[in-house]
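As a basis for the values below, the full set of heavy atoms in this structure was taken, side chains included, without hydrogen atoms, waters or symmetry mates. Proteins get letters first, then strands, A, B, ... in listed order; numbering begins at 1 in each.
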Amino acid sequence: MSDKPQHFIADAIQADLDSGNHDSIVTRFPPEPNGYLHVGHAKSICLNFGIAQEFGGQTNLRFDDTNPEKEDQEYIDAIRRDVAWLGFEWAKECYASDYFEQLYAWAQDLIQRDLAYVDELDAEQMRAYRGTLKQPGQNSPFRDRPAQESLDLFAGMRAGDFAEGQYILRAKIDMAHPNINMRDPALYRIRRAHHPRTGDAWNIYPTYDFAHGQSDAIEQITHSLCTLEFEDHRPLYEWFIDNLPVPGQPRQIEFSRLQLEHCLTSKRKLLALVTEGHVQGWDDPRMPTISGMRRRGFTPASIRDFCSRIGVTKKANTIEMSLLETCLRSDLENTARRGFAVQDPIKLTITNWPQGEVLALDAAWHQRVPELGTRPLEFDGTVYIDRADFEEVPPPKYFRLKPGGSVRLKYAFIVDFESLIKDEQGNIAEILCTYDPATRSGQDESGRKVKGTIQWVPSQSVPAEMRLYDRLFSDPNPVGDDLINELNPESLVLKQGLVEPALAAVEVGEIVQFERIGFFRKDEDSSASEPVFNRAVTLKDGWAKAQKKG
RNA sequence: UGGGGUGUGGCCAAGUGGUUAAGGCAGCGGUUUUUGGUAUCGCCAUUCGAAGGUUCGAAUCCUUCCACCCCAGCCA
């Protein structure tokens, strides 16, 4: 894990600093508030804020709110929360809509200089005139409309004199340009929609292309970092910067977007998951959204670490889930408190335990991190262990409890198998053991060694709902067109388990380790009587792996 | 010959003509361990999309070819 970003964008910025192009740098993170941020945005956030920090610069949070129909204050609020949660502070909070008046003036300027015109082709006609990827387009019959006429029409568009789609402002560049984006791109369209910030003040809205670069220039952005699909827009971006009296010379640099296995990172498709009810909301712990990951149990540090480990290039990439999981585990390893929980309880009774005696144990929250303190744990001769920790007919090298075997109940005693009690169906209802008083943890002088040490919960434990989350999509590279069939039917498995009292009492939002199981975050759905825990990630399971290999 | 990009091990990714091609993740094997976790040690590309060429020397330069991605919203 390197601390200095070492990639082509850092190199480019360094070069701009060295050459004297810039004395300091300013970047921006420019989401459109039309949905929740996801892990792909996290990459962009970490890149933009991280690179600015690295070079002593600043980063703005700018909402690219140029298309009111899809945007909402709810998204603005969520985005602010998510960026802050990730641990970044923006120098300024900006909105493209703050520049609408300036943008309008620049559009007029372009018209006056015969670099833009009001067209009245409808969308379909425009497409026809645009030509194809291999064939040049044709000029609109309105292309040579006198500037004054365009100016008047443009004013009328703004004033609300026309219907949506009736007129459109276009740049006058080159309808035969090999780059389709340069074939007289749309600058302003009529939209009678309520804007979350400007309300009904405007009847026309600038397009992304007309707003983005100029907004960058207004904010004195030095490096405008965006994803690869905007590469083709760069000539247009530069055309505006070159043809308008903008107060800055931002440079656009593109990098490849993040693809995560078993995930979708398209706002449109994530929206569908939410609206079609396949998940419980934008913050469903299975969602690759920042809010979903937060609720799942990911930490800001783990996500930042992930983003630094995946690198920044222009190459298409699909990152394996295991890397994200590794980042989480490694962040939590030395910080999360550990406690006992069982997902599938089975009663274990110590037959030689003194009737009524209760032994109060003091167990470390983290065996290697004493600063985390201890929690009380009561042992009264009846405990619950996980069904997975007993096998009547064990496979070879099974270290857990089995007929004729012994196992240590962590922080307590070694117990020796005695017998089983089964119900009418033949299922194991209870395990009977004896304990070895000489083997008490911390004061064991018996010299006995056992291969297995397992967690357990006391007789007075708390029932808890455990939400075991797994990948949302079965396929590593889901398409997202056929949600029903692509979704992993086992992306959520509910368990009614038991947790020791101290674990049940942790604060909502705390992430703990259920020893030998995984890291879990106490969910907001918890009630006073029943805690709810979300499984963020399992522990690595070498035994399961060995079993699978056979 | 539309335009724009990208090709280094299973997944990422350094490398910018000169030791045997960094590192991480995954995998495999060992040690430690009162979490089959953690930690730790070792192994894991004669080869850089392919073929030619330049050079004493090439993943790095040249040529040709191949593969994959993006673009025809009044979305961003």
Describe the nucleic acid contact of A/Phe230 in one word from base, sugar-phosphate, nothing, applying a heavy-atom distance below 4.0 Å. base
What does A/Ser256 touch in the nucleic acid at a heavy-atom separation under 4.0 angstrom: a base, only the sugar-phosphate, or nothing? nothing
Could you give the distance separating B/G24 and B/C66 at their C1' atoms, to the nearest angstrom? 31 Å
With C1' as the reference atom in both, quote the distance from B/U64 to B/U54 in angstrom, rounded to an integer. 15 Å
Check whether A/Tyr205 forms a cation-pi arrangement with A/Arg191 (NZ or CZ under 6.0 Å from the six-membered ring centre, at most 45° off the ring normal). no
Measure from the side-chain N and O atoms of A/Arg257 to the backbone N and O of A/Thr227, and report whether any donor-acceptor pair falls under 3.5 Å. no
Whole-Å P distance, B/A45 and B/G10: 11 Å
With heavy atoms under 4.0 Å as the rule, sort A/Leu332 into base, sugar-phosphate or nothing. nothing
When rounded to whole Å, the CG to C1' distance for the pair A/Asp305 and B/G23 reads 14 Å
Looking across every strand, which nucleic acid part, if any, lies under 4.0 Å from A/Met182 by heavy atom: base, sugar-phosphate, or nothing? nothing
Scan nucleotides 28-31 of chain B against the protein and return all N/O pairs shorter than 3.5 Å with their distances rounded to 0.1 Å.
| from | atom 1 | to | atom 2 | distance (Å) |
| --- | --- | --- | --- | --- |
| B/C28 | OP1 | A/Lys549 | NZ | 3.4 |

Decide yes or no on ring-ring contact (aromatic ring centres under 6.0 Å, His included) for A/Phe413 and A/Phe379, but give the supporting numbers first. CA-CA 10 Å; A/Phe413 304 92; A/Phe379 190 88; 5.5 Å; yes
For A/Tyr188, which contact category applies under a 4.0 Å heavy-atom criterion: base, sugar-phosphate, or nothing? nothing
Counting any heavy atom closer than 4.0 Å, what does A/Arg400 reach on the DNA or RNA strands: base, sugar-phosphate only, or nothing? base
Using a cut-off of strictly less than 4.0 Å between a heavy atom of the residue and any atom of RNA chain B, enumerate the qualifying residues of residues 68-75 of chain A by number. A/Lys70
With heavy atoms under 4.0 Å as the rule, sort A/Asp209 into base, sugar-phosphate or nothing. nothing
Rounded to the nearest Å, what distance is computed from the CG atom of residue A/Leu372 to the P atom of nucleotide B/U38? 18 Å
Mind checking if A/Ala123 touches a base, just sugar-phosphate, or nothing, with heavy atoms under 4.0 Å? base
Please identify each residue that fulfils salt bridge (charged side-chain N to carboxylate O under 4.0 Å, His left out) with A/Lys402, with sequence neighbours left out. none
Nearest whole Å is fine: how far is B/A39 P from A/Leu539 CG? 11 Å
Under a 3.5 Å limit for both distances, which nucleotide forms a Watson-Crick or G-U wobble pair with B/G73, could you say? none
Please report the distance separating the C1' of B/A13 from the corresponding atom of B/A39, rounded so that it comes out in whole Å. 25 Å
Base, sugar-phosphate or nothing for A/Asp232? Non-hydrogen atoms, less than 4.0 Å. base
Given the structure, check if the side chain of A/Glu320 and the base of B/G10 hold any donor-acceptor pair shorter than 3.5 Å. yes
Judged by atom type as modelled, is there a donor-acceptor pair below 3.5 Å linking the side chain of A/Asp386 to the main-chain atoms of A/Pro345? no
Does B/A21 have a Watson-Crick or wobble mate here (both distances under 3.5 Å), and if so which one? none
Whole-angstrom distance between B/C44 and B/U6, as gauged at atom C1': 27 Å
Between A/Phe8 and A/Phe255, is the ring centroid distance below 6.0 Å? no
If we take the C1' atom in both B/C68 and B/U31, what is their distance in whole Å? 45 Å
Indicate yes or no for a side-chain donor-acceptor contact from A/Glu333 to the backbone of A/Arg329 under 3.5 Å, with no hydrogens or angles considered. no
Using Watson-Crick geometry (N1-N3 plus N6-O4 or O6-N4) or G-U wobble (N1-O2, O6-N3), each under 3.5 Å, B/C65 is paired with B/G49
Under 3.5 Å on both distances, the Watson-Crick or G-U partner of B/U33: none
If I compare all heavy atoms of A/Val512 with all of A/Phe533, which pair ends up nearest, and what's the gap? CG2-CE2, 4.3 Å
Does A/Glu333 get its side chain close enough to the base of B/G37, under 3.5 Å, for a donor-acceptor pair? yes
Contact class for A/Gly137 (heavy atom, under 4.0 Å): base, sugar-phosphate, or nothing? nothing
Expressed in whole Å, how much space separates the C1' atoms belonging to B/A14 and B/C70? 26 Å
Under 3.5 Å: donor-acceptor pair, side chain of A/His366, backbone of A/Arg337: no
Once you apply the 3.5 Å cut-off to both distances, tell me the Watson-Crick or G-U wobble partner of B/C28, or none. B/G42
With a 4.0 Å cut-off on heavy atoms, is A/Ser441 in touch with a base, just the backbone sugar-phosphate, or nothing at all? base
Assign A/Glu32 to base, sugar-phosphate, or nothing according to its heavy-atom contacts below 4.0 angstrom with the strands shown. sugar-phosphate
Indicate, with a heavy-atom threshold strictly under 4.0 Å, whether A/Gly165 touches base, sugar-phosphate, or nothing. base
Would you say A/Lys315's side chain and A/Ser256's backbone share a donor-acceptor pair under 3.5 angstrom? no
What's the gap between B/U63 and B/C71 when it is taken at their C1' atoms, as a whole Å value? 29 Å
Verify the stacking flag for A/Trp543 against B/G36: centroid separation must be under 5.5 angstrom and the ring planes must differ by under 30 degrees. yes
Mind checking A/Gln513 for me? I need base, sugar-phosphate or nothing, with any heavy atom below 4.0 Å counting as a touch. base
Hunt down the Watson-Crick or G-U wobble partner of B/G57, both distances under 3.5 Å, from any strand shown, or write none. none
Could you tell me whether B/G73 is syn or anti, where syn means a glycosidic angle within 90 degrees of zero? syn
Do the ring centers of A/Tyr208 and A/Phe230 come within less than 6.0 Å of each other? yes
Starting from P on B/A13, measure out to CD1 on A/Ile319 and report it in whole angstrom. 6 Å
Measure up the A/Tyr104 and A/Tyr188 rings against each other and bin them: parallel (under 30°), tilted (30 to 60°), perpendicular (over 60°). perpendicular
Look at the aromatic rings of A/His41 and A/Phe29 and report parallel, tilted or perpendicular, splitting at 30° and 60°. perpendicular
For the pair made of CG in A/Asp184 and C1' in B/A72, what is the distance, rounded to whole Å? 14 Å
Take the protein atom CG of A/Asn181 and the nucleotide atom P of B/C71, then report the distance between them rounded to whole Å. 10 Å
